[in-house]
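One structure below.
In what follows, chains carry the letters A, B, and so on, assigned in the order in which the sequence lines appear, proteins first and then strands, with residues in each chain numbered from 1.
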Number of protein chains: 2
Amino acid sequence: MVGIREIAKNAGVSISTVSYALNGSSKVTEETRDRILAIAKELHYTPNIAGRTLKKQKTNIIGMYVTDFGGEFYSHMIDGVASVLKQHHYELIVGTGGGRSRSFISQRFVDGAIILDANFTDDLIHNYADDGSKLVVMDREMKNKNVRHVLLDNAEGARQAIAALNDANVDHFVLVTGPTDSFDSRIRLQAAIKQVEQMTGKTILVIPSDFTIAGGHRAAKSIIEMSLHNIGIFALNDEMAIGLYEEFTANQVIVGQYVKIIGFDNDMLGQYLRPQLTTVDYSKHHWGEVAAETLISLLEGDKVDNQFIHTKVIHRGSLGESQN
Amino acid sequence: MVGIREIAKNAGVSISTVSYALNGSSKVTEETRDRILAIAKELHYTPNIAGRTLKKQKTNIIGMYVTDFGGEFYSHMIDGVASVLKQHHYELIVGTGGGRSRSFISQRFVDGAIILDANFTDDLIHNYADDGSKLVVMDREMKNKNVRHVLLDNAEGARQAIAALNDANVDHFVLVTGPTDSFDSRIRLQAAIKQVEQMTGKTILVIPSDFTIAGGHRAAKSIIEMSLHNIGIFALNDEMAIGLYEEFTANQVIVGQYVKIIGFDNDMLGQYLRPQLTTVDYSKHHWGEVAAETLISLLEGDKVDNQFIHTKVIHRGSLGESQN
DNA sequence: TTGTAAGCGTTATCAA
DNA sequence: TTGATAACGCTTACAA
């Protein structure tokens, strides 16, 4: 490990001069700066971040916490986060709150964090925030001076889904839910029910499920047993919609005709179903960008509000739409 | 930010006593320890990692670098890495070498790193290693005292793929490659050619492509134009195989009959094709585990060799196999 | 323009 | 068993 002392010795100057030179201060002559820079390069000098952090009390690193690293879901979002942070000269590290790396927040290893991770309880987040950490949450509502939420407009998406089913002239509305402890599921369900009631007054059947493909299988079995006609299913996420497809197909129930399905999330797999899955979409990249911008405003002391991300329906055929 | 000084003041002891108590040293009486711990808790004390790092010259954090966060490919691998690191009390952070976070390595922000990221050049990795960083690479061969590679046995996988095609009694072998700068592609291609020659002496057609779905489309078009009969295609990754499927299907060429396809990687999407894609599989989770174990051995100064991960063929129907 | 020295929060050596 | 103090690598106010 070569540090500024060694460079100073080699250059025949003091460590402060080295520090000034390295940080581009105008206090040193161009000549000494060049000399020092050359020596630093020759010695493969890289600043020790621990030393700097200790002094500056700031790492310029942002932590992002996700429940797991699975799936393309997070991919675009993280890209969005990273692109904005880069512009503002922040570095991004990604971890999962399940590990101990969440302690990076309280240890000030990160200047702030973006949380989309069920491993964090609300209480824990409040504790961090009350100790002064600046946070953005993407999977829950939260009211705290040091926290902002950047949320998908789940209610809007649910209303759009119901409207789309209604446009497809279904007679029965079936809602397949996620787990009860899911914030997204609760909001989507609530908004969907309300929308059906306001829009149509038709019957609503709620099938509790769990956001998984297997959950979709089970839901499809229940639906088949009831042998209703002309039903429209709003699967509160696409994974379950895939499960529904698989089970219906196995039972010769044709999606888009006897049963109409709309999902939520625009999972890539939906494009590989036949007919392709109609779903509620939103830009994950944009969501990430907004989260990052919000966190930076928070860090820089700017006034900033909670944010919402808009949704829209992508029609692909599973409501019986004609495809071009 | 409450530190050990403040705790010391509250407890009426010196900072060193606090440090001992906090670190569970047997030098302090149980009584004072308990008192100090209680005060620390009350004050919401969390150790400042920069201070500790500066003193210990060790962070207990491992960095993992991936090209992008996309897809389920990395997901299982990272899980494998994380599980092993956890056992050894290391923390994992994940970044991409495209950003500046790769400087964490030279800055000693991480004790070691696992690299599976085309953003790093071989030279850069050598530089880090020559400066003393311990590294494991998963996407290239590398000979350096401080580096080990943990690689997929690409050659074995390619031989298995060719053997499977041969068992399916194809007359022509078509190889669809990845980009020429891909290490995986080069090894797979080389081993596949050799295996065809040794096993059969039949004709080999190599179609250069790029590991993408679009590349698969283009390759399929070339193949259709040639109107050969009874051909077996080894797509050097599954994404291209998906592209092949799509294009063949659009041209009424039935996969598993007129054309037989085997892929590589066991991408999840392969299960959604009809017939399902036969492919060369390997455990990504295990791969990650081995990489982590290798890095830890390297960090602890244990003697450790380069490692290889085995492959096997999963038969699903795209070679015309009968499915149960 | 350059140097001296204090201080960031922690650990660890040595003395008491 | 506890305390005083140096040290880790860096930045920065102040002195020269």
Contacting residues from residues 51-59 of chain A, given that a heavy atom lies under 4.0 angstrom of DNA chain C: A:L54, A:K55, A:Q57

Stretch residues 31-50 of chain A: residues that reach within less than 4.0 Å of DNA chain C through a heavy atom: A:T32

Crowding at NZ, A:K58 (>12 non-hydrogen neighbours, <6.0 Å): yes

Other residues, nucleotides, ligands: >12 heavy atoms within 6.0 Å of A:E31 CD: no

Any residue meeting side-chain contact (heavy atoms from CB on, under 4.5 Å) with A:S185, in chain and number order, not counting sequence neighbours: A:T177, A:S182, A:F211, A:L236

Residues which pass side-chain contact (heavy atoms from CB on, under 4.5 Å) with A:S14, listed by chain and number, not counting sequence neighbours: A:S16, A:T17

Atom of B:R108, atom of B:S133 and distance for their closest heavy-atom approach: NH2-OG, 3.5 Å

Heavy-atom pair with the smallest gap, counting every atom of B:V110 and B:T59: CA-OG1, 3.8 Å

Criterion ring pair (Phe, Tyr, Trp, His ring centres under 6.0 Å) on A:F104 and A:Y128, from CA distance to verdict: CA-CA 11 Å; A:F104 290 170; A:Y128 289 149; over 10 Å; no

Nearest-nucleotide comparison on DNA chain D, the residue closer to the 5′ end among B:R5 and A:I15: B:R5

Residues that A:D117 engages under salt bridge (charged side-chain N to carboxylate O under 4.0 Å, His left out), provided they are two or more places apart: none

Listed partners of B:D210 passing salt bridge (charged side-chain N to carboxylate O under 4.0 Å, His left out), at least two apart: B:R218

Salt bridge (Lys or Arg N to Asp or Glu O under 4.0 Å): pairs with one or both residues in residues 87-96 of chain A, sequence neighbours excluded: A:E91-B:R100

Side-chain H-bond candidate by donor/acceptor type, A:T29 with A:T32, under 3.5 Å: yes

Side-chain H-bond candidate by donor/acceptor type, A:Y282 with A:D265, under 3.5 Å: yes

Chain A contact limits on DNA chain C, taken 5' to 3' with a cut-off of 4.0 angstrom to heavy atoms: C:dT1 to C:dG9

Heavy-atom contact window of chain A on DNA chain D, given 5' to 3' at under 4.0 Å: D:dG9 to D:dC14

Qualifying residues under side chain to side chain donor-acceptor pair (under 3.5 Å), relative to B:T53, sequence neighbours excluded: none

Main-chain N/O of B:K55 paired with B:Q57 side-chain donor or acceptor, under 3.5 Å: no

Sequence neighbours excluded - side-chain hydrogen bond (donor to acceptor under 3.5 Å, both in side chains) pairs with any residue from residues 142-152 of chain B: B:H126-B:N144, B:D130-B:N144, B:K134-B:N146, B:H149-B:N306

5′-ward residue of the pair A:T29/B:G3 relative to DNA chain C: A:T29

Axis bend over the full length of the helix from C:dT1-D:dA16 to C:dA16-D:dT1, computed from five pairs that close each end, to 10 degrees: 50°

